[in-house]
Amino acid sequence: MMLIDMHSHSDGSPEFIVEQKKAHIASILNATTTEEFQFNQQYVGNQQLVSYGVHPWESARQVINQQLLATVPVIGEIGLDTEWTDVSLTIQRPIFMQQLQVAQQLNKPVILHTKGCEAEILAILKAYPQLTILVHWYSAAEYQNEYLKRQNSYFSIGPDVLTDTIVQQFAKKVPAAQLFIESDGLESFSWVLKRSVAVNEYPSILEMVYQKVAQLRNISVEQLELQVQTNWQQLLATVMTK
């Protein structure tokens with residue numbers, strides 16, 4: 001059965017993208033620059049989408065490519081962050097809002113990065129009730145129920161579900177029809193496992209994440225994979241109508 005990796009980064013590694021194709025893993029590969037988008041596009045297959053959006057960490061360095069933003073199937077990842085970057089929110093906010101407004105105008109799904117700004121982003125989203133959002137790696141103890149109540153929302157569980165009790169509790173709560181699994185790229189696997197990770201380990205570690213989430217939800221891995229595939233097809237149907 002084909003695995004879905006909702007949110008990944010190539011980090012400039014063609015080998016990573018090739019490994020995804022080799023293992024028949026469908027994914028959204030995120031790009032935060034025009035160059036990264038073009039790089040990813042060189043290697044992807046028909047099971048991979050390439051998204052584009054200026055990441056909050058890059059908001060002081062990157063200018064939004066408006067033409068590219070208007071043509072990609074998914075916008076992201078975009079958002080706000082006060083924990084993992086020293087870029088001021090006064091710089092991050094206008095970049096985030098510009099991209100969110102384009103997504104609203106063109107009815108494109110967005111991948112959201114919410115670290116440390118969960119409450120602010122939740123408040124902002126009230127003005128965009130019809131927008132389809134994919135919240136990646138949600139790890140806050142607060143506002144979980146508020147996010148889960150929002151319509152048109154998906155949530156991808158990352159590799160820290162292997163170690164983080166807050167994420168484990170969240171993984172139990174996400175409604176089945178809103179659930180995805182993600183790697184966030186090899187660097188995130190390395191961060192969680194506290195060791196270097198080879199490209200050829202990627203499929204087996206992603207499977208470990210699936211196994212953990214299935215265990216937490218008291219279902220089989222096959223049931224989880226089938227549900228995530230169903231959600232993927234629903235998302236693709238939304239993307240392809242844009």
Side-chain angles (χ1 to χ4, degrees), residues 1-30 40 43-45 47-49 51 76-77 84 111-115 134-141 144 147-148 154-236:
M1 192 176 292
M2 180 178 68
L3 291 183
I4 311 297
D5 181 354
M6 170 50 65
H7 180 86
S8 66
H9 297 269
S10 69
D11 296 316
S13 169
E15 293 81 11
F16 176 78
I17 304 176
V18 169
E19 187 67 31
Q20 280 190 336
K21 291 192 291 186
K22 178 181 173 183
H24 304 289
I25 295 171
S27 185
I28 298 178
L29 278 157
N30 288 247
N40 289 343
Y43 300 100
V44 295
Q47 294 176 335
Q48 296 151 306
L49 299 177
S51 67
E77 75 192 84
W84 291 91
I111 299 171
L112 289 179
H113 177 111
T114 62
K115 199 65 176 172
L134 303 107
V135 182
H136 107 89
W137 198 309
Y138 195 91
S139 58
Q144 291 184 4
Y147 271 94
L148 291 173
Y154 294 97
F155 303 88
S156 54
I157 304 300
D160 61 340
V161 73
L162 299 172
T163 58
D164 189 320
T165 56
I166 292 174
V167 176
Q168 289 169 1
Q169 290 302 312
F170 188 61
K172 295 178 184 179
K173 293 167 65 174
V174 178
Q178 297 171 260
L179 179 65
F180 281 109
I181 306 296
E182 67 166 270
S183 69
D184 203 24
L186 290 186
E187 290 186 5
S188 293
F189 278 174
S190 296
W191 181 78
V192 169
L193 299 175
K194 296 180 171 53
R195 66 173 178 84
S196 60
V197 172
V199 172
N200 62 6
E201 295 181 88
Y202 162 66
S204 62
I205 298 175
L206 184 63
E207 184 66 43
M208 284 172 53
V209 178
Y210 270 84
Q211 290 168 354
K212 182 64 176 181
V213 173
Q215 176 192 6
L216 290 166
R217 296 174 70 91
N218 293 313
I219 61 175
S220 69
V221 175
E222 292 74 19
Q223 286 174 299
L224 177 60
E225 290 177 0
L226 183 60
Q227 181 63 61
V228 172
Q229 282 193 29
T230 299
N231 297 347
W232 176 253
Q233 293 303 323
Q234 290 175 341
L235 177 66
L236 286 182

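In this chain, residues are counted from 1 in sequence order.
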Q) Do any pairs count as a ring pair (Phe, Tyr, Trp, His ring centres under 6.0 Å) and have a residue in residues 193-235, sequence neighbours left out, and if so which ones? A) Phe16-Tyr202
What are the two closest non-hydrogen atoms of [X] and [Y], and how far apart are they?
{"X": "Pro203", "Y": "Ala23", "value": "CG-CB, 3.7 Å"}
{"X": "His136", "Y": "His7", "value": "ND1-CD2, 3.4 Å"}
{"X": "Leu224", "Y": "Ala214", "value": "CD2-N, 3.7 Å"}

**Q.** Results of side-chain hydrogen bond (donor to acceptor under 3.5 Å, both in side chains) for Ser139 - residues two or more places apart only
**A.** Lys115
Return the [atom1] to [atom2] distance between [X] and [Y], rounded to the nearest 0.5 Å.
{"X": "Leu179", "Y": "Gln227", "atom1": "CG", "atom2": "CD", "answer": "7.5 Å"}
{"X": "Ser188", "Y": "Asp11", "atom1": "OG", "atom2": "CG", "answer": "8.0 Å"}
{"X": "Met6", "Y": "Leu49", "atom1": "CE", "atom2": "CG", "answer": "8.5 Å"}
{"X": "Ile157", "Y": "Leu162", "atom1": "CD1", "atom2": "CG", "answer": "11.5 Å"}
{"X": "Ile111", "Y": "Phe180", "atom1": "CD1", "atom2": "CZ", "answer": "10.0 Å"}
{"X": "Phe155", "Y": "Tyr147", "atom1": "CZ", "atom2": "OH", "answer": "8.5 Å"}

Q | Ile205 and Val192: CA distance, side-chain angles, deciding distance, side chain to side chain contact (heavy atoms under 4.5 Å, CB included) verdict | A | CA-CA 11 Å; Ile205 298 175; Val192 169; over 6 Å; no
Using side chain to side chain contact (heavy atoms under 4.5 Å, CB included) as the criterion, list what pairs up with [X], not counting sequence neighbours.
{"X": "Gln215", "value": "Lys212"}
{"X": "Val199", "value": "Ser13, Glu15, Glu19, Leu186"}
{"X": "Ser27", "value": "Asp5, Ser8, Gln20"}
{"X": "Glu222", "value": "Ser220"}

Q. Are any of the side-chain heavy atoms of Trp137 and Glu77 separated by less than 4.5 Å?
A. no
Q. Within a strict 4.5 Å, meaning less than it, do heavy atoms of the Leu134 and Leu235 side chains meet?
A. yes
**Q.** Residue pair Glu207, Gln211: steps toward the side chain to side chain contact (heavy atoms under 4.5 Å, CB included) verdict
**A.** CA-CA 6 Å; Glu207 184 66 43; Gln211 290 168 354; 3.6 Å; yes
Q. For the side chain to side chain contact (heavy atoms under 4.5 Å, CB included) test, which of Val228, Val209, Leu206 pairs with Leu3?
A. Leu206
Q. Going by the angle between their ring planes, with limits at 30° and 60°, are Trp191 and Trp84 parallel, tilted or perpendicular?
A. perpendicular
Could you list the donor-acceptor pairs under 3.5 angstrom formed between side-chain atoms of residues 167-178 and any protein atom two or more places apart in sequence or on another chain?
from   : atom 1 : to     : atom 2 : distance (Å)
Gln168 : NE2    : Val161 : O      : 3.0
Lys173 : NZ     : Gln144 : OE1    : 3.0
Lys173 : NZ     : Asn145 : OD1    : 3.0
Gln178 : NE2    : Ser153 : O      : 2.9

**Q.** Residue pairs passing the salt bridge (charged side-chain N to carboxylate O under 4.0 Å, His left out) test where at least one lies in residues 178-202, sequence neighbours excluded
**A.**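 Residue pairs passing salt bridge (charged side-chain N to carboxylate O under 4.0 Å, His left out), neighbours aside: Arg195-Glu201.
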(Q) Main chain of Leu29, side chain of Gln48: is a donor-acceptor contact present, judged purely on distance under 3.5 Å? (A) no
